Amino acid sequence: MSKRILKLVQSDALRRSKSDKLIAHYIERNITDLPFETARSIAQRLELSPMTIGRYLRRMGFDGLDELKSELRRGSSNPAWQVKGQVGRLEQDRKDGKLLAGLIQQQIDNLGEIYAITTAPEWQQTIDALIGATEVYVAAYQNVRGIAQYFASQLSYTRPRVQFVDGVNGTYAEVLDGSVEGRLLFLHDVRRFAAKARPLALEARRAGVKVVLLTDEFCPWGPDVSDICLIVPGSHGPLWDGAATMTAVMDLMLSNIIVEMGEEVSERVDRLTRLQDVFGDFES
């Protein structure tokens, strides 16, 4: 990415409003896809107007998206200007407009970005927090609730005192009552964002609970309400929001935790396996 463009989109002057933050996050995290975008396509993804995108680009100093693309093309050997896709059949199917080929390529592109996330400081901070917390509470809403419940269940095999919280009690008292120090809230939310997510994060921090937020590039408030914010590529699919990328991120977190905790996890799994045998939950 051009250093100048990166500096621009990260500046306070270009992150004043909610729409500013959405566009800045999108440009920052989708720079390799900009050659294939138009102002209209970006507007559709962000649920903004093309005029809003155009005004933002002019504030950056560009007379439209084509001028921004030209600077990127001059400033780097960006792989986005090379032929995408190494599998001939997949590339041909995409050119032929086959829907599934396009969706698979999108998932491949998103998964390819995960490695950069795992090398960021926030990744190791998240792993350390999940291991070191006295208690871990996992929360999510709507269509990503099931993914977070899966994560909480799997995490409970690696360490004790992990609980998924649904807020049905109306207070989240189990997280916010202040009775135990060293608690961690692992909050997962993506566009469209749940009304409860941001207030829960703010209340948790007010109560002394560390907050890890796993979200997507469309979230304009994530870093403001969390101690650690992990931003993953958002879904751009034409049908509905897929879960492959987020599930992959969570699985990698679990694998990282298992590697770091080592023998502790093996001993815990052995204890849980014995209890499963006692209560007959699985076939022998």
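Values reported hereafter were calculated over all heavy atoms of this structure, with side chains retained and with hydrogens, waters and symmetry mates removed. Quantities reported herein were computed from a predicted structural model and do not represent experimental measurements.
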Fill in: Test applied, salt bridge (charged side-chain N to carboxylate O under 4.0 Å, His left out); reference residue, Glu135; option that passes from Arg183, Arg159, Lys210
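Between Glu135 and the candidates, salt bridge (charged side-chain N to carboxylate O under 4.0 Å, His left out) is satisfied uniquely by Arg183.
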
Shared hydrophobic cluster for [X] and [Y] (ILVMFWY, side-chain gaps under 4.5 Å):
X      : Y      : answer
Tyr150 : Leu130 : no
Val211 : Ile231 : no
Leu184 : Met261 : yes
Val269 : Val136 : yes

Side-chain contact test, heavy atoms from C-beta onward, threshold under 4.5 Å: evaluate it for [X] versus [Y] and give yes or no.
X      : Y      : value
Asp270 : Arg274 : no
Ile42  : Leu65  : yes
Trp123 : Ile117 : yes
Ile131 : Ile257 : yes
Met60  : Ile5   : yes
Arg192 : Phe218 : no
Leu214 : Met250 : yes
Ser255 : Ile258 : no

Any side-chain donor-acceptor pair under 3.5 Å between [X] and [Y]?
X      : Y      : answer
Ser49  : Thr52  : yes
Arg145 : His188 : no
Gln149 : Gln154 : no
Arg268 : Tyr157 : no
Asp166 : Tyr172 : no

Practice prompt. State whether the number of non-hydrogen atoms from other residues, nucleotides or ligands found under 6.0 Å of Asp12 atom CG is greater than 12.
Written response: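 Not more than 12 within 6.0 Å, no.
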
Discussion item. Ile228 vs Leu213, test: side chain to side chain contact (heavy atoms under 4.5 Å, CB included). Steps then yes/no.
Written reply: CA-CA 6 Å; Ile228 306 168; Leu213 174 64; over 6 Å; no

What are the two closest heavy atoms between [X] and [Y], and how far apart are they?
X      : Y      : value
Leu46  : Ile53  : CD1-CD1, 4.4 Å
Ala148 : Val138 : O-CG1, 3.7 Å
Ala24  : Val9   : CB-O, 3.4 Å
Thr215 : Cys219 : OG1-CB, 3.3 Å
Ser226 : Cys229 : OG-CB, 3.4 Å
Leu22  : Pro220 : CD2-CD, 4.3 Å

If you round to the nearest 0.5 Å, how far is [atom2] of [Y] from [atom1] of [X]?
X      : Y      : atom1 : atom2 : answer
Phe151 : Asp251 : CZ    : CG    : 9.5 Å
Ile27  : Tyr56  : CD1   : OH    : 5.5 Å
Gln125 : Asp128 : CD    : CG    : 8.0 Å
Leu185 : Tyr137 : CG    : OH    : 10.5 Å
Arg55  : Leu48  : CZ    : CG    : 10.0 Å
Arg4   : Lys7   : CZ    : NZ    : 10.5 Å

Worksheet item: Is any NZ, NE, NH1 or NH2 atom of the basic residue among Arg205 and Asp227 found under 4.0 Å from an Asp or Glu carboxylate oxygen of the other?
Response: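 Asp227 and Arg205: salt-bridged.
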
Practice prompt. Could you tell me whether Asp20 and Arg59 have a side-chain N and a carboxylate O separated by less than 4.0 Å?
Written response: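 Yes.
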
Discussion item. Run Tyr141 and Leu200 through side chain to side chain contact (heavy atoms under 4.5 Å, CB included) and show every step you take.
Written reply: CA-CA 12 Å; Tyr141 306 92; Leu200 175 57; 3.4 Å; yes

Discussion item. The criterion is salt bridge (charged side-chain N to carboxylate O under 4.0 Å, His left out); which residues satisfy it with Asp224, sequence neighbours excluded?
Written reply: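 If we apply the salt bridge (charged side-chain N to carboxylate O under 4.0 Å, His left out) test to Asp224, skipping adjacent residues, the hits are Lys21.
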
Discussion item. Show, in sequence, the C-alpha distance, side-chain angles and deciding distance for Glu181 and Thr134, and conclude whether the side chain to side chain contact (heavy atoms under 4.5 Å, CB included) test is met.
Written reply: CA-CA 7 Å; Glu181 293 185 358; Thr134 54; 5.9 Å; no

Practice prompt. Please work out which of the three classes, parallel, tilted or perpendicular, describes the rings of Trp221 and Phe193, given edges at 30° and 60°.
Written response: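 Because their plane-to-plane angle is over 60°, the rings of Phe193 and Trp221 count as perpendicular.
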
Between the main-chain N or O of [Y] and the side-chain N or O of [X], is there a donor-acceptor pair closer than 3.5 Å?
X      : Y      : result
Asp189 : Ala140 : no
Thr158 : Val265 : no
Asn256 : Ile127 : no

Item to complete: Any chance you could lay out the side chain to side chain contact (heavy atoms under 4.5 Å, CB included) test for Arg191 and Glu217, step after step, and finish with the verdict?
Response: CA-CA 9 Å; Arg191 188 184 68 173; Glu217 70 211 56; over 6 Å; no

